[in-house]
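Okay, so here's the structure we're looking at.
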Amino acid sequence: MNILNHDKIKLRIAESLHAAIEKYETGTTLNDIYTALGFPPDANFGHYAYPCFILSKALRNAPNKIAEKLAIEVDTNEAIESVIAAGPYVNFKIRPAFLGVNTCDEVLNGTMFTRTLAEQTPKTMIEYSQPNTHKELHVGHMRNICLGDALVKLHQYCGFDIISSTFPGDVGAHVAKCLWYLKYHNTDPIPTENKGAWLGTLYTKGHLKLESEIGTPQEAENKKQLSEVLTQLEHEAGEFYDMWKETRQWSIELMNNVYRWAGVHFDRWYWESEVDVPSVALVKKYYEQGLFVESKGTIGIDLSEYDLGFCMLIKSDGHGLYATKDIELARRKFEDFKIEKSVYVVDKRQAHHFAQVFKTLELMGFEHADKCYHLQYDYVELPDGAMSSRKGNIVPIMDLIDQMHASLKNGHLDKYKDEWTTEEMDNTADFIAKGAIKYGMIKIDPAKKIVFDMKEWLKTDGDAGPYLQYTYARINSMVKKLGGDVTGNVDWSSMEEEVAKHVMVKLSDFNNQAVQACLNSKPNILCTYLYELCKVFNTFYNHRSIRDEENKTIQATKLELSKCVAIAIKKGLGLLGIPVPDRM
RNA sequence: GGUCCGGUAGCUCAGCUGGAUAGAGCACCAGCCUUCUAAGCUGGGGGUCAUUGGUUCGAAUCCAAUCCGGAUCACCA
């Protein structure tokens, strides 16, 4: 998957360099140069840097000599203001007018965000969020939702045709335990609202009760009752089946509440219950054909020659497993949507499971088996270990959201309580809560685990979502206050202060970062970029007052540049699923 | 034990397709609001990039070994 040379600034520098390097016949292509261009560690060196080590061998010359030579041979032009050799690097300073026309103007008119960024964009399904009904959604699920949603949006931004899907688990032992407890042991009245969360607590109680009664005379009776629940669910008839239909809806309502809050949408909800029976039938078919074998009363496939052990597909009681369903589901995804690639956003504990599933699909002759990818991430845990609904040590998503709202209203937003309507207060708190929670989930590299600490999460300063939202709101406010009084004409060439040029250079990097975040499946790259953009802007903002600027041209241009930053923040946060408040 | 993933400042992390003096945030210290939003800005202290060896002109980054932590390896999902 190639990234296209969409960055007009870098492309122009690369062209200038290429013209100088070409005559030495080193075989260095325009593309090589474009790719090698980077940023100097200290902005005082210049805006872009070209390292000359690469040419050293071909030219049989020391890198710093080459740099000196190139610095003389590369001419300044409408884009390049100066070329300076610094050790083995050639550093370029770009004219503000060129930066303005190719970056700011394009941000303002929107063309910056419609450039073609990636060469190959196969039609892809991204499956994320695999919650269970009859359990409560916790902050661990939130990481998955934030990550999955950001990936969907980033891919769409980069030109991919994306189908989003979710795969909730609405059948299985957890459902039976929950219904069992509800029927035989629950003494609470059924609440009128938040039934889904309440149901989740019953699952935990049920599980714990069953555990505690193992080895007691009660155990046999429990097993008998549980098995009756499962039988009724399987035959889709009886009291428990009716309970299942009703309680399932409570859980779906909870999921919908969370998804609504997060602003995520799924093109297709695949239910475990819909693939359960067909998946067992599929396995039996392949068993008869001889691909799958019997072992210890179960049916599965021996993958030990691939170091993947035995992949069990039908238990000795005749029921299927998670892998069974995923095999049937994989097939359906390609069939239902004619996709070319299938991505599963699931935490790393399932790595072995997916390795087995994909290998099994391959051996079954499934032509798209090599187009299935498990995108693994590390999960969220608590200071005292992994979260588990079974043990009941979870932080429900709604608790985090509620505490965040309260903390914001009693904190920074308190100063607006006499000025704002209740509605604006609630909306703003909600936007900032989304900024804090989603940014917090996404900014960490997916490969690293998150240890959740509520106290830390309620902080909104420093490298956090609210900082970026604050920068947006601040620009918005400034534009509102100054807008009418600024009468000068915009002229990018007036942006001679280094801080202003840094803002423009940083802005021009937007698409490079977005495409990296997308193709590497690391949305945290975009977080870092947006944070740095805000950092550079705030330095610029504090450096010299725009309001008090006497030169009308500079004043108008700086205000316009500020607008560009606001647009980029809004666009970038949008790709992460984070909204921006007009004021905060 | 096999496989996979992590180990960078007191804490949380970025940098990892090799390149300039290893960067942020939090915490700590010193400054900046008669307001373009202080959820901000400026400056300061703080590092054996787990360890050892290798490849290279050059290694936090690549390779190997070792140590620490975690996940996973047949009837849960």
Side-chain angles (χ1 to χ4, degrees), chain A residues 35-36 38 40-42 45 49 51-54 56-57 62-63 86-89 91 130 132 135 169 171-174 272 295-300 302 307-317 319 321-323 325-326 347-353 355-356 376-379 381 385-386 390 408 411-413 415 432 435-436 443-445 447-451 453 456 459-471 473-483 485-486 520 524-525 527-528 531-532 534-535 538-539 541-543 545-549 555 558-559 562 583-584:
Chain A
T35 311
D42 184 331
F45 285 126
C52 297
F53 310 98
I54 316 155
S56 191
K57 232 170 218 163
Y89 293 90
N91 291 326
Q130 298 83 0
N132 283 318
K135 286 191 191 177
V171 286
H174 69 282
E272 278 192 22
S295 170
K296 298 176 187 170
T298 71
I299 292 173
D302 183 13
D307 291 324
L308 290 170
F310 183 75
C311 179
M312 188 184 296
L313 294 166
I314 296 181
K315 295 192 283 184
S316 48
D317 68 2
H319 286 102
L321 294 102
Y322 189 33
K325 291 169 192 141
D326 252 331
D347 83 53
K348 69 171 192 179
R349 286 172 291 194
Q350 305 303 334
H352 186 252
H353 160 78
Q356 285 192 328
Q376 38 180 306
Y377 64 92
D378 211 337
Y379 54 100
E381 62 175 46
R390 290 197 281 188
L408 291 167
H412 288 288
L413 293 177
K415 58 180 179 261
I432 301 168
K443 79 163 178 172
I444 305 292
D445 185 319
K448 293 196 177 167
K449 78 175 172 203
I450 295 178
V451 179
D453 176 356
E456 289 300 314
K459 290 183 179 170
T460 59
D461 54 353
D463 182 9
Y467 172 77
L468 319 203
Q469 293 174 313
Y470 174 79
T471 307
R474 171 187 249 183
I475 296 171
N476 196 48
S477 164
M478 175 176 66
V479 170
K480 227 172 235 171
K481 285 191 180 167
L482 303 187
D485 305 329
V486 172
N520 293 308
N524 59 308
I525 290 175
C527 288
T528 303
Y531 174 69
E532 286 170 1
C534 290
K535 200 88 183 123
N538 281 320
T539 299
Y541 175 89
N542 279 284
H543 175 67
S545 167
I546 297 175
R547 182 195 54 198
D548 301 335
E549 174 61 54
Q555 187 186 45
K558 280 189 170 181
L559 193 65
S562 304
R583 51 179 180 166
M584 63 185 273

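Letters A, B, ... are given to chains in the order of the sequence lines, protein chains preceding strands, and every chain is numbered from 1.
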Q | Base B/rA20 paired with A/Asn91 side chain (donor-acceptor, <3.5 Å) | A | yes
Q) How many angstroms lie between atom CZ of A/Phe310 and atom CG of A/Asp302, to the nearest 0.5 angstrom? A) 7.0 Å
Q | Base partner of B/rC76, which must satisfy Watson-Crick or wobble distances under 3.5 Å | A | none
Q) When rounded to the nearest 0.5 angstrom, what is the spacing between NZ in A/Lys558 and CG in A/Leu482? A) 12.0 Å
Q) Under 4.0 Å between a side-chain N or O of A/Lys535 and OP1 or OP2 of B/rC41? A) yes
(Q) Quick check for you: among B/rA74, B/rA77, B/rA20, whose closest atom lies nearest to any side-chain atom of A/Phe310? (A) B/rA74
Q.
Base of B/rA74, side chain of A/Ser295 - is there a donor-acceptor contact under 3.5 Å?
A. yes
Q: Find out whether A/Ile432 and A/His412 are in side-chain contact, i.e. whether some heavy atom of one side chain is under 4.5 Å from a heavy atom of the other.
A: no
Q. From B/rA14, B/rC26, B/rA77, pick the nucleotide closest to the side chain of A/Leu321?
A. B/rA77
Q: Send over the distance from A/Glu532 CD to B/rG25 P, rounded to a whole Å.
A: 11 Å
Q) Taking atom C1' of B/rC41 as reference, at what distance in whole Å does atom OH of A/Tyr531 sit? A) 12 Å
Q: Looking only at side-chain atoms of A/Lys348, point me to the closest of B/rC75, B/rA77, B/rA71.
A: B/rA71
(Q) Between the base of B/rC75 and the side chain of A/Ser316, is there a donor and acceptor pair under 3.5 angstrom? (A) yes
Q.
So if I take every side-chain heavy atom of A/Arg474 and compare against B/rA24, B/rG70, B/rU37, which nucleotide ends up nearest?
A. B/rU37
Q: Just name whichever nucleotide pairs with B/rC67, Watson-Crick or G-U, keeping both distances under 3.5 Å, else none.
A: B/rG7
Q | A/Lys448 side-chain proximity, nearest of B/rC13, B/rC75, B/rA39 | A | B/rC13
**Q.** Minimum side-chain heavy-atom gap A/Val171-A/Lys325 below 4.5 Å
**A.** yes
